[in-house]
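Notes follow once the structure below has been shown.
Treat the numbers as computed from the prediction; the structure is a model and nothing was measured. This chain uses plain numbering: 1 for the first residue, then up along the sequence.
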Amino acid sequence: MNAYRTSLELPHGQLHFPTFLPDATLGVVRNVDSVDLEQCGVEAVVMNTFHLMQRPGSSTITALGGLHTMSGWRRPIITDSGGFQAYSLIRQNSKYGSMNVRGITFQPEGSERKFHLTPEKSIQLQISYGADVVICLDDCTHVDDPLETQQESVKRTIEWARRCKDEFQRLMQQKRIPQEQRPLLFGVIQGGGIHELRKQCADALLEIGFDGFGYGGWPLDSKGQLLTDIVMYTRELVPSGLPMHALGVGHPANIVECARMGYALFDSAMPTRDARHARLYVFTTPDSLPAPGSTEKWFEYLYVNDDKAIKNDGPVSRFCDCLCCSRYSVAYLHHLFKINDGLFLRLATMHNLRFMVQLTERLRDGGRP
Ligand SMILES: [Zn+2]
């Protein structure tokens with residue numbers, strides 16, 4: 001039985017599942033340009049409503065014709081709702097903002113402006129940015145939060161999802177966007193680690209009706225381990241024909257695990273952040289992935305900063321065809337890193353992104369349930 005979707009058609013192109021989306025938080029994947037991303041085989045990127053509404057600001061983005069023309073990226077863009085970042089900011093310190101049934105108000109440190117994010121506003125922004133996938137504003141929690149917080153979050157997430165859907169439909173009609181150019185709308189399933197709440201949230205959102213769903217809330221426990229049980233349970237609550245985005249899942253091992261559960265989309269800043277810190281990902285085998293449950297080591301880290309790299313004249317990976325591996329040695333990368341040259345950041349980022357794309361290709365070839 002394989003009823004999971006293998007692809008998705010969007011206004012700016014097709015996604016093949018599973019697919020990994022780098023985070024282009026402020027409208028750019030740091031240190032690489034759109035052509036570099038295409039060369040790595042990246043199908044789509046995630047851009048961040050919370051950050052973009054502050055810089056360069058929504059009116060500037062709209063004046064520039066949306067995120068695609070602003071950034072020169074021609075393939076699909078998923079924008080997040082901004083809820084997770086606003087939640088993280090307020091959770092970090094309540095002086096930065098507050099949340100109520102109407103929406104979220106926040107004022108980041110150093111900013112003179114107060115920002116308001118309501119379900120309606122989040123949808124309006126994402127549509128004005130020209131996103132291919134628009135995500136509903138949700139009320140995020142941490143898996144360790146108490147029961148009442150989780151209950152409140154589910155109630156609010158459902159309520160906000162309804163308002164997001166209404167606003168989305170209203171704008172589609174008002175702007176008379178033809179069916180094939182319409183973005184998709186994803187709901188986000190909350191409920192922390194509590195099975196009944198996840199089910200309650202999923203059922204209500206399925207009834208409202210969305211094109212796909214995100215796993216809401218931080219997917220890792222306090223030790224950084226994937227919350228396998230609840231992540232799998234949440235996938236099973238949604239019919240397999242509807243794609244699911246494992247929001248924020250980016251560790252290669254977690255991607256393999258979640259893809260095998262039927263998750264289709266992944267995004268994370270981890271691979272590009274690791275690249276900047278000279279931690280590169282390397283496959284240990286030419287083309288396979290271990291069987292489910294196997295403890296075989298299928299990838300390892302190469303630390304470019306390490307002394308062992310000084311005279312290593314081989315490529316980062318024998319199994320990689322990226323610009324970095326096809327042209328330059330580990331030793332040269334080490335040198336670039338030591339002299340703080342920007343080329344190091346570009347080559348290292350391209351390599352880790354190519355690794356992530358190759359990982360999803362390997363999963364498509366045989367790692368699916
Ligand atoms: Zn490479």
Side-chain angles (χ1 to χ4, degrees), residues 16 18-24 28-46 72-73 75 249-257 259 266-291 294-367:
H16 299 87
T19 192
F20 175 79
L21 288 72
D23 281 344
V28 58
V29 177
R30 285 177 66 183
N31 309 300
V32 292
D33 88 321
S34 292
V35 179
D36 292 339
L37 293 174
E38 283 170 15
Q39 269 187 16
C40 293
V42 169
E43 293 188 321
V45 298
V46 172
W73 174 248
R75 295 181 181 176
V249 171
H251 188 283
N254 291 343
I255 288 185
V256 170
E257 211 175 331
F266 300 91
D267 78 277
S268 169
M270 186 197 270
T272 46
R273 192 175 52 232
D274 276 350
R276 293 195 295 276
H277 293 138
R279 185 156 95 145
L280 303 189
Y281 305 168
V282 180
F283 285 112
T284 56
T285 61
D287 52 19
S288 61
L289 285 173
S294 160
T295 53
E296 186 197 333
K297 196 175 165 208
W298 54 273
F299 86 101
E300 60 194 11
Y301 298 117
L302 187 149
Y303 296 91
V304 175
N305 188 24
D306 212 283
D307 282 352
K308 278 190 286 188
I310 295 174
K311 290 184 182 172
N312 179 347
D313 61 359
V316 170
S317 167
R318 287 181 292 142
F319 309 124
C320 182
D321 56 2
C322 81
L323 176 69
C324 178
C325 293
S326 49
R327 188 110 186 198
Y328 305 103
S329 65
V330 173
Y332 186 56
L333 269 190
H334 177 87
H335 170 63
L336 293 176
F337 181 78
K338 287 292 182 194
I339 62 168
N340 271 325
D341 194 281
L343 181 59
F344 167 79
L345 298 170
R346 176 172 175 236
L347 293 175
T349 301
M350 284 180 81
H351 170 77
N352 271 7
L353 287 179
R354 183 66 192 144
F355 172 96
M356 298 308 287
V357 170
Q358 286 182 317
L359 172 61
T360 56
E361 286 167 354
R362 290 181 183 204
L363 282 160
R364 281 174 221 154
D365 287 345

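With sequence neighbours excluded, the residues that form a ring pair (Phe, Tyr, Trp, His ring centres under 6.0 Å) with Y301 are Y281, F299. Applying the side chain to side chain donor-acceptor pair (under 3.5 Å) rule to H334 yields no partners; only residues at least two apart in sequence or on another chain are considered. Under the side chain to side chain donor-acceptor pair (under 3.5 Å) criterion, N254 pairs with no residue at all, not counting sequence neighbours. Partners of S288 according to the side-chain contact (heavy atoms from CB on, under 4.5 Å) rule, which considers only residues two or more places apart in sequence or in another chain, are T285. T19 pairs by the side chain to side chain donor-acceptor pair (under 3.5 Å) definition with E43, not counting sequence neighbours. Applying the salt bridge (charged side-chain N to carboxylate O under 4.0 Å, His left out) rule to R279 yields the partners D274; only residues at least two apart in sequence or on another chain are considered. A24 meets the side-chain contact (heavy atoms from CB on, under 4.5 Å) test with V29, V45, M47; sequence neighbours excluded. Not a single salt bridge (charged side-chain N to carboxylate O under 4.0 Å, His left out) links E38 to another residue, sequence neighbours left out. The side chain to side chain donor-acceptor pair (under 3.5 Å) search around H335 returns none, not counting sequence neighbours. Partners of F20 by ring pair (Phe, Tyr, Trp, His ring centres under 6.0 Å), not counting sequence neighbours: none found.
Between the side chain of T284 and the backbone N or O of K297, at least one donor-acceptor pair lies under 3.5 Å. Proximity of a side-chain donor or acceptor of R30 to a complementary backbone N or O of T272 within less than 3.5 Å is not detected.
What you find for A275 and N352 is that their closest heavy atoms are N-ND2, 3.5 Å. In this structure, L333 and C324 approach most closely via the heavy-atom pair CD1-SG, 3.6 Å. Scanning both residues, M350 and C40, for their nearest heavy atoms gives O-SG, 3.5 Å. In this structure, S268 and M270 approach most closely via the heavy-atom pair OG-N, 2.9 Å. When all heavy atoms of M356 and G250 are compared, the closest pair comes out as CE-O, 3.4 Å. Contact detail for L37 and W73: the closest heavy-atom pair is CB-CZ3, 3.5 Å.
V46 places none of its side-chain heavy atoms less than 4.5 Å from the side chain of P22. In this structure, the side chains of F355 and C320 stay at 4.5 Å or more apart for every pair of heavy atoms. In this structure, L347 and L323 have side chains that are in contact, with non-hydrogen atoms separated by less than 4.5 Å.
Between the CG atom in L280 and the CG atom in L302 there is a gap of 6.0 Å [rounded to 0.5 Å]. Considering CG of D365 and OG1 of T360, their distance stands at 9.5 Å, rounded to 0.5 Å.
Listed by first then second residue, pairs satisfying side-chain hydrogen bond (donor to acceptor under 3.5 Å, both in side chains) with a partner in residues 306-328 read D321-R354, not counting sequence neighbours.
Within a 6.0 Å sphere centred on CZ of F319, other residues, nucleotides and ligands contribute more than 12 heavy atoms.
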Show me, pair by pair, the donor-acceptor contacts under 3.5 angstrom made by side chains of residues 336-346, not counting sequence neighbours?
from	atom 1	to	atom 2	distance (Å)
K338	NZ	N305	OD1	3.0
D341	OD1	L343	N	2.8
R346	NE	D36	OD1	3.4
R346	NE	D36	OD2	2.9
R346	NH2	D36	OD1	2.8

